[in-house]
Q: 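Here it is, the structure, as structure tokens.
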Protein chains: 2
Amino acid sequence: MGIAERKEKEKKEMRSLILDTAMRLFLEKGFEKVTLRGIAEEIEYSPATIYLYFKDKNDILFALHTEGFERFYRHQQTIRTIKDPWKRLRKHAQAYMSFALENPEYYDLMFIMRGPGEKIKADREWGAGMRSYDFLKQNIQDCMEAGYLPREDLDVAAFAIWSFTHGMASLIIRQRCGMIPKEAIPAVVNAAVDFMIEARKKQKQ
Amino acid sequence: MGIAERKEKEKKEMRSLILDTAMRLFLEKGFEKVTLRGIAEEIEYSPATIYLYFKDKNDILFALHTEGFERFYRHQQTIRTIKDPWKRLRKHAQAYMSFALENPEYYDLMFIMRGPGEKIKADREWGAGMRSYDFLKQNIQDCMEAGYLPREDLDVAAFAIWSFTHGMASLIIRQRCGMIPKEAIPAVVNAAVDFMIEARKKQKQ
DNA sequence: CCCATGACTAACCAGTGTTAAGTTGATGAA
DNA sequence: TTCATCAACTTAACACTGGTTAGTCATGGG
């Protein structure tokens, strides 16, 4: 089975070569500026070759989309081990931001870009996103139960916190923060998390 | 001067007809999906006619961009009359959100879309945005001075609050809130503002 | 009657997604 | 060793779309 096996591997490699290149072009050119011909040229194959590995252009964006949520979820899981719910929530926000800032292309695709086909809503695409959202909600609930946060509407709290981190991430990624010098951004983000979340901590009674 | 005057008026009307139509198409089709041919068809003129009123496509986006910041600033000014800084800050957030939700096309263009020509940064484009940002900062400072907020870093506080509202606005506009039923959105937004801002209020000592 | 102005027609040109048809080189049976 | 097969890959084209412009025409003020 050596040969079939090797071919299988090569096929996978080609797929991820295309995927990686597409993602890199996203980063560089942004937008729908990613073109099949562009990808093809970059990997030094003909445009038609790509169709041997992907159904069409959307299929590529789709694959990147799911891949993004996969990475995102894995990235979040690093905070699982933190015992104290409050510390965990804070790290949660930090992890969110570090994912966004270290993977701006993925973040953009997942949370900012007008979707490749807006119809895919109830699909397992959303499922992957939901998994992460539920993880956040669980974390907030733990904080409420531990007395760190007043027992308010869980959905509202989750939406508020998510909005806050997403707001920072998308302002930075879409370059609306001209007033903040680039090198100061991580510090400002951290301070903002303090301002918004840390300062909201209720002393355990 | 009757004739020249009338022609002047007609020219202005045509300009804003094009602008309005372009903006409406933005709303409907979104994206860079706005095409000169599309606008032309909509206003029932030939594509070439548009070039009599605008240099090129970017010129149109540009005009919409400035128009957007103009409206935005005017919208914000309605809260000027509120005396109590804390009430004013809360209304500020609400006004931000109502602008965003009532003018999603403008909001998208101004704060989310990858800019039509990213280079225009230090320009008066940014100036118009800055004016609104400074207004927010002033409001926050008033709250600090009135003892409603602890005297922390003003820039951090402004960035945090802006991020929060922008996060809500952009999640909603770019339809990442599948978990919230459409009709519940205004209420959730309000509750989130309470959660994030209202609850952060420090009693005057 | 002249011609400036506003508008239109028609086309150009550069892309873009996509596909049909051909080429080639390795694979594996005869 | 030979050679049909087949998958990978390419070429070339199709069918569009979109921004843009050159050339043309009608109308109405002077």
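Just so it is clear: chains get the letters A, B, ... in the order the sequence lines come, proteins before strands, and each one is counted from 1.
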Q: Is the distance from OP1 or OP2 of D:dA7 to the nearest side-chain N or O of A:Lys11 less than 4.0 Å?
A: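 No.
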Q: Could you pull out all residues at least two apart from B:Lys87 that satisfy side chain to side chain contact (heavy atoms under 4.5 Å, CB included)?
A: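 Result, side chain to side chain contact (heavy atoms under 4.5 Å, CB included) vs B:Lys87: B:Ile82, B:Asp84.
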Q: I want to check one thing: is the phosphate of D:dG19, taken as OP1 and OP2, less than 4.0 Å away from some side-chain N or O of B:Thr35?
A: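 Affirmative; the distance criterion is met.
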Q: What is the distance from CD of A:Glu10 to P of D:dA7, rounded to the nearest Å?
A: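 Nearest whole value for this atom pair: 15 Å.
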Q: For the pair made of CG in A:Leu36 and P in D:dC16, what is the distance, rounded to whole Å?
A: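 Those two atoms, CG and P, are 18 Å apart.
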Q: For A:Trp162 and A:Phe111, take the angle between the two ring planes, folded into 0 to 90°, and tell me which bin it lands in: parallel under 30, tilted 30 to 60, perpendicular over 60.
A: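 Because their plane-to-plane angle is over 60°, the rings of A:Trp162 and A:Phe111 count as perpendicular.
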Q: Donor-acceptor pairs under 3.5 angstrom involving side-chain atoms of residues 48-55 of chain B: please list them, not counting sequence neighbours.
A:
{"unit_1": "B:Thr49", "atom_1": "OG1", "unit_2": "B:Ser46", "atom_2": "O", "d": "3.3"}

Q: Taking DNA chain C as the partner, which of residues 13-21 of chain A come within under 4.0 angstrom of it by heavy atom?
A: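 The answer is none.
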Q: Tell me, please, which residues at least two apart from A:Glu13 pass side chain to side chain contact (heavy atoms under 4.5 Å, CB included).
A: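 For A:Glu13, the residues satisfying side chain to side chain contact (heavy atoms under 4.5 Å, CB included) (neighbours in sequence not counted) are A:Lys9.
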Q: Kindly write out the residues that satisfy side chain to side chain contact (heavy atoms under 4.5 Å, CB included) with B:Glu105, not counting sequence neighbours, or none if the list is empty.
A: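 Partners of B:Glu105 under the side chain to side chain contact (heavy atoms under 4.5 Å, CB included) test: B:Met23, B:Phe26, B:Leu27, B:Asn103.
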Q: Who passes side chain to side chain contact (heavy atoms under 4.5 Å, CB included) against A:Ala192, sequence neighbours left out?
A: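 So A:Ala192 forms a side chain to side chain contact (heavy atoms under 4.5 Å, CB included) with A:Phe164, A:Met168, B:Val156, B:Phe159, B:Ala160.
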Q: For A:Arg24, check salt bridge (charged side-chain N to carboxylate O under 4.0 Å, His left out) against everything at least two apart and list the hits.
A: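 A:Arg24 satisfies salt bridge (charged side-chain N to carboxylate O under 4.0 Å, His left out) with A:Glu28, A:Glu42 once adjacent residues are dropped.
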Q: Kindly state which residues belonging to residues 37-53 of chain A come within less than 4.0 angstrom of DNA chain C, counting heavy atoms of the residue only, listed by number.
A: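 The answer is A:Arg37, A:Ala48, A:Tyr51.
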Q: Starting at CD1 of A:Ile60 and ending at P of C:dT16, how long is that distance when rounded to a whole Å?
A: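 One finds 14 Å between P of C:dT16 and CD1 of A:Ile60, rounded.
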Q: Residues in side-chain hydrogen bond (donor to acceptor under 3.5 Å, both in side chains) with B:Arg90, at least two apart?
A: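 With sequence neighbours excluded, B:Arg90 shows a side-chain hydrogen bond (donor to acceptor under 3.5 Å, both in side chains) to B:Asp194, B:Glu198, given in chain and number order.
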